[in-house]
Amino acid sequence: MKLYNTLTRYKEDFKPIEEGKVKMYACGPTVYNYFHLGNARPFVTFDTLARYLEYRGYDVTFVQNFTDIDDKMINRANEEGITVEQLADRFIKEYYVDADGLNIKRQTFQPRATQSMKAIIGLIKAMEANGYTYIIEGDGVYYDVSKKADYGKLSHYKLDELEAGGGERKASYEGKKNPGDFAVWKFKKEGEPSWGSPWGEGRPGWHIECSAMIKQYLGDTIDIHGGGQDLIFPHHENEIAQSEAANGCTFCNYFVHNAFVNIDGEKMSKSLGNFFTIRDIVKKYPYNVIRFFILLGHYRSPINFSDELLAAAQTSLGRISNCVRNANFVLSNGNLAGDAEADNVLEDAIKAAGDSFIAHMDDDLNSADAITDIFNLVRQVNSSAQEAKVSAAMLTAARDKILELTGVLGILLDLEEAIPEEITELANKRAEAKKAKDYALADQIRDEIQAKGYAVKDVPGGFKIEKAN
RNA sequence: GGUACCAUAGCCAAGUGGUAAGGCAUGGGUCUGCAAAACCCUGAUCCCCAGUUCAAAUCUGGGUGGUACCUCCA
């Protein structure tokens, strides 16, 4: 598989450190609020990457953290008059509601920063022992970026350029040796939660938790590190700096970054206030549509968000669900011929879709093209099911292939649900009315069924009932 | 000021040297009492200019337009 590596800015063949095994980490949410569509994109992207690697036979250890201590957490907790811990507990619970809805698999480990203090302190100690840190009295323990020769290798920023540029930027240089230096440990301020450390009471800096949790759960060198493009600098750059300073070896081989979700061509972000939480969107569009929508574009291309685009995605996804439902209906009702030639055509389509799906996903996780492969199979399945010349076994295999491939992408389909007896009876009455050519009555009953939230549709040999959306 | 990315049909979106996937929408058709679904048909000289090449949406140079990062941000 090829992955675009931010470190080198090339698509590279993915080679894990240990054959057959993948160690990957993705930056998780800061749990002070519901997460929005922009936040959801990396969750879905890296969940899909993990699912795909597993599909290809890798044994994947995947860590995604919860950031449960930082300025935003403290401020929000104060506003609400609760502790930071209570706030975190609440929004971790809420995270799971949306994450489960989006069919994001639970990662192997989901550590919380506040529960990783030993690892954090251990990492700072190691950096200190190696001479990378210094203390600013009354402020915190800082990392000295000038001590690391290759600082900037991820973002490809040069230290002197960082200093020179920025326009509006007002960096606080006070006490720092270099403008790019950053706190790894912040000394306690009044009213803030704190933990004991060799340097005094305080709390971890922003970047240190990821470095520490990675070391604790995955080791000194990992295969893949993921996150949004805005984390390239400074967050991931500083993670590299810290971990390599402490561990003395390469931190991570492949950095993978997703592009943003835009609204009217502008980045969706909390500071611009143009964001939509998943919780809000799901009132109108189901979770599986949201996930499908995210995967409809390549992860390194920006995607635009709008109501119309979600609506189109919903119709589009419905096409796949319809196909599987149709296949199921035909399998349970139809008498399929089992014509060898028809089977061959469908078999070819199954194979082509499967092979092409893998080729596309192997090419830097091109889910957009992979979905196209599913649609191409869908068309053939619809045709085959309609003609009813294929064998039940082949149609079943085709249907299962669709389920398999959508499953790799974590896309859940809307399949049969139990139909209440009352509805079935009404549908039977309508069928009788139709037989008696009393179409007025038939249509009236259909409306009645519609009003109860179901749709009855005539198909060759009878009718079928579906839940209306 | 520095650093990246992007510009493909009405809309969304792949393709990144050999004369343009897929989805949504539109129009026509098949099927149907009607409808739904499905199937078939329908649509792009790939932002502009110049260059390289037998061959460019795809490479190079120059424009124009847009976005992001350099500060909390996925």
Side-chain angles (χ1 to χ4, degrees), chain A residues 6 9 26-30 35-46 70-72 75 152 155-158 160-172 180 206 226-235 237 257-262 265-272 275 292-293 296-298 300-304 306 308-309 311-320 322-323 325-326 329 356 360 363 366-376 378-387 434 437-440 442-443 446 450 455-460 463-464 466 468:
Chain A
T6 308
R9 290 180 178 164
C27 290
T30 302
F35 64 86
H36 63 65
L37 184 63
N39 301 312
R41 190 169 192 194
F43 303 155
V44 168
T45 299
F46 297 110
D70 80 335
D71 290 349
K72 294 188 295 282
N75 293 338
S155 58
H156 302 92
Y157 292 151
K158 295 194 179 92
D160 51 340
E161 284 167 357
L162 283 176
E163 194 170 357
E168 306 286 305
R169 187 169 161 220
K170 287 182 201 158
S172 159
W206 175 30
Q229 268 170 0
D230 51 355
L231 295 183
I232 295 171
F233 190 91
H235 187 52
E237 193 71 65
H257 293 100
N258 64 275
F260 301 120
V261 176
N262 294 154
E266 256 191 341
K267 172 182 174 184
M268 178 184 291
S269 76
K270 285 176 183 159
S271 45
L272 288 171
F275 64 89
F292 182 72
F293 170 73
L296 232 28
H298 181 86
R300 283 192 293 112
S301 300
I303 48 174
N304 228 327
S306 74
E308 293 72 33
L309 294 172
Q314 184 167 35
T315 312
S316 184
L317 177 59
R319 188 171 155 77
I320 304 176
N322 278 340
C323 174
R325 284 197 300 225
N326 269 323
F329 182 82
S356 186
H360 283 135
D363 184 15
N366 195 336
S367 57
D369 271 355
I371 287 171
T372 292
D373 296 319
I374 295 172
F375 277 113
N376 285 332
V378 161
R379 186 179 313 105
Q380 189 51 247
V381 169
N382 282 333
S383 285
S384 296
Q386 197 159 290
E387 286 176 2
K434 257 188 69 179
K437 295 201 191 289
D438 186 351
Y439 296 120
D443 288 351
R446 182 164 59 191
Q450 185 76 35
V456 61
K457 293 168 182 178
D458 295 326
V459 294
F463 61 84
K464 60 178 175 176
E466 287 172 5

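Below, read A as the first sequence line, B as the second, and so on, with proteins coming before strands; counting in each chain starts at 1.
Taking side-chain N and O atoms only, A:K434 has no distance below 4.0 Å to OP1 or OP2 of B:rU32.
The side chain of A:F375 approaches B:rG22 more closely than any other nucleotide in the set B:rG22, B:rC24, B:rA68. Residue A:Y157 has its side chain nearest to B:rC70 when only B:rA68, B:rC70, B:rG33 are considered.
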Distances under 3.5 Å between protein N/O atoms and the N/O atoms of nucleotides 56-61 of chain B, please, pair by pair.
none

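Stacking between A:Y439 and the base of B:rG33 is present: ring centres sit under 5.5 Å apart and the planes differ by under 30 degrees.
Backbone-only engagement by A:K270 is indicated by non-hydrogen atom pairs under 4.0 Å involving sugar-phosphate atoms exclusively. In this structure, A:N376 reaches the sugar-phosphate backbone alone: every heavy-atom distance under 4.0 Å involves primed, P, OP1 or OP2 atoms, never a base. Residue contacts for A:A259: at a heavy-atom cut-off of 4.0 Å it reaches a base atom on one of the strands shown. Residue contacts shown for A:T45 are absent, as no nucleic acid heavy atom lies under 4.0 Å away. Heavy atoms of A:L231 sit under 4.0 angstrom from primed sugar atoms or phosphate atoms, though from no base atom. Contacts of A:F260 with the nucleic acid, taken as non-hydrogen atoms under 4.0 Å apart, include base atoms. Within the nucleic acid shown, A:H36 comes within 4.0 Å of at least one base atom, counting heavy atoms only.
Across the interface with RNA chain B, nearest-nucleotide mapping of A:G265 and A:G38 shows A:G265 to be the residue nearer the 5′ end. Sequence order on RNA chain B of the closest nucleotides to A:F292 and A:Q229 puts A:F292 first from the 5' end.
Between the side chain of A:D443 and the base of B:rG33, at least one donor-acceptor pair of N or O atoms lies under 3.5 Å. For B:rA35, its base sits under 3.5 Å from the side chain of A:R446 at one donor and acceptor pair at least.
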Pairs under 3.5 Å (Watson-Crick or G-U), crossing ones as [ ], inter-strand ones as |: RNA chain B comes out as ((((((((.[[[..)......]]]..((((.......)))).....(((((.......))))))))))))....

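Scanning for salt bridge (charged side-chain N to carboxylate O under 4.0 Å, His left out) contacts around A:D458 gives A:R430, A:K434, with sequence neighbours left out. A search for salt bridge (charged side-chain N to carboxylate O under 4.0 Å, His left out) contacts involving A:D443 returns A:R446, not counting sequence neighbours. Considering only residues two or more places apart in sequence or on other chains, A:F292 meets the ring-ring contact (aromatic ring centres under 6.0 Å, His included) condition with none of them.
With values rounded to the nearest 0.5 angstrom, A:T45 atom OG1 is found 12.0 Å from A:R300 atom CZ.
Side chain of A:S316 to backbone of A:A312: no donor-acceptor contact under 3.5 angstrom is found.
Nucleotides B:rA57 and B:rU3 have their P atoms positioned 30 Å apart, rounded to a whole Å.
The heavy-atom pair separating A:L296 from A:A368 by the smallest distance is O-CB, 3.2 Å.
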Once base and sugar-phosphate atoms are separated, protein heavy atoms under 4.0 Å mark nucleotides 36-44 of chain B, 5' to 3', with B, S and - as BSBSS----

